[in-house]
Amino acid sequence: MKRKLLGALLSTAMVASLAVGCGGGNDAAPADAPAETEAPAETETPAEAETPAEDATADADDAAPAAGGKIGISMPTQSLERWNRDGAYLDEQFKAAGFETILTYSDDKTEQQVNDIQNMLADGVDMLVIAAIDGNALNTALEGAAEQNIPVISYDRLILNDAASYYVSFDNYTVGKLQGEYIVKALDLENAGDKTYNIEITAGDPADNNATYFYQGAIDAIQPYLDNGALNIVSGQKDFDAVATPGWKTDTALGRAQNVLSSYYADGTQLDAWLCSNDSTALGVTQAVTSDYAGSNTVVITGQDGDEANLKNIVDGTQTMTVYKNVSNESVVTLALAKAILAGESIDESLIPSFGIECAFDTESYETSAGNKCPSFLLVPNVITKDNLQDLVDTGLYTMGDDGYLSATN
Ligand code: GAL
């Protein structure tokens, strides 16, 4: 198909697709949007996102014939391990499917992310895939996207501005729930009898919309045991604001954990569990427990992401579990969704079989600041412990060395 015709079809298709995005569409469509809003009956872009279920890397041979177009991929930071993986997979997948890409990392600085996105728009991107540093801070950049009728996929973290079109993530509430449930099982709280176990909590970045979902899922799982006295937060620090970790920073989590340990546990009080929302914070907490906790019992410590240093701690027994999110699969779903949007297909659960990856279409759980529901594709997270590390190796995304430690393959 001639590029010009494809371009015209894409722009019509984008209007149609945006019309059912997070903001309900009206805000997203530009004032001078083309009048015709019907999606083309047929385009030469194949409807099927030919992405294999297990093999997360799109095969260049299987890829759609150059759907064409330029994709701006805006990631938050390289200082947290997972985003390096996300950026690399997204870049690889989109390129293999025939797209041009621009990949940026914004060093966890919101102004820089706004700038990076504005540069992408000036560079003529056809779509934006954004993992926001701060879900509330991208208004200026996204107004620009809406004016140019550029669809935006909120990647992993919800953008709260209505110009975002769709959301691809993991079930964030379930991530927290798995962490909380793990602690309930590990301490056998159902059979605690008169015994009381002591716990502390470290949550994530208040600017990251996911952080409260992780926190709430975990709290809901342990709340019955806080209520019946089987669990006790010795520091009394439970509210999200009291336990949050700006920027998900390891050092911040370490500093607070050291304070808590010296203020509440130096007298020999036993610490049984530390609920951490992710691996970067778990790393700090584990370090504090290893160096500053006087007790000799094993402290159950949770995490999320499967960062290499944390997987090593799991092998060594200093961290107990992590909730693993296969971000290669997240990029496969994102690519398939992007293709569907650009092809003007209707975006709903009927797309899921073409992803070849287990996920749910959820139109209720995520809202923008204006209270509009954001249609979301949510993948399934998994618990990883010392006992099932082989599951990670089986994804092909990690290898296990002779020492039993795992290394990521990208
Ligand atoms: C969250 C993300 C987690 C974790 C955290 C810190 O938004 O969903 O997987 O990585 O940020 O980067």
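Both ligands and their constituent atoms are indexed starting at 1 by order of listing. In this text, all values refer to a predicted model and were calculated from it rather than measured experimentally. In this chain, numbering begins with 1 at the start of the sequence shown.
Separation of the Tyr197 and Tyr225 ring centroids does not fall under the 6.0 Å cut-off.
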What verdict does the ring-ring contact (aromatic ring centres under 6.0 Å, His included) test give for Tyr215 and Phe240, after you've listed the backbone C-alpha separation in whole Å, the side-chain angles of each residue and the deciding distance to 0.1 Å?
CA-CA 7 Å; Tyr215 170 82; Phe240 178 79; 5.4 Å; yes
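Atom CG in Asp205 sits 10.5 Å away from atom CG in Asn210 (nearest 0.5 Å).
The environment of NZ in Lys185 is sparse: at most 12 heavy-atom neighbours from other residues, nucleotides or ligands sit within 6.0 Å.
Taking the six-membered ring where tryptophan is involved, the planes of Phe377 and Phe361 are tilted, since the angle between them lies from 30° to 60°.
Residues lining ligand 1 at a heavy-atom distance below 4.0 Å are given as Leu80, Arg82, Trp83, Asp156, Arg157, Asp208, Asn210, Phe214, Trp248, Asn278, Gln304, Asp305, Lys325, ordered by chain and residue number.
Thr368 and Asp162 form a side-chain donor-acceptor contact under 3.5 Å, judged by distance and modelled atom types alone.
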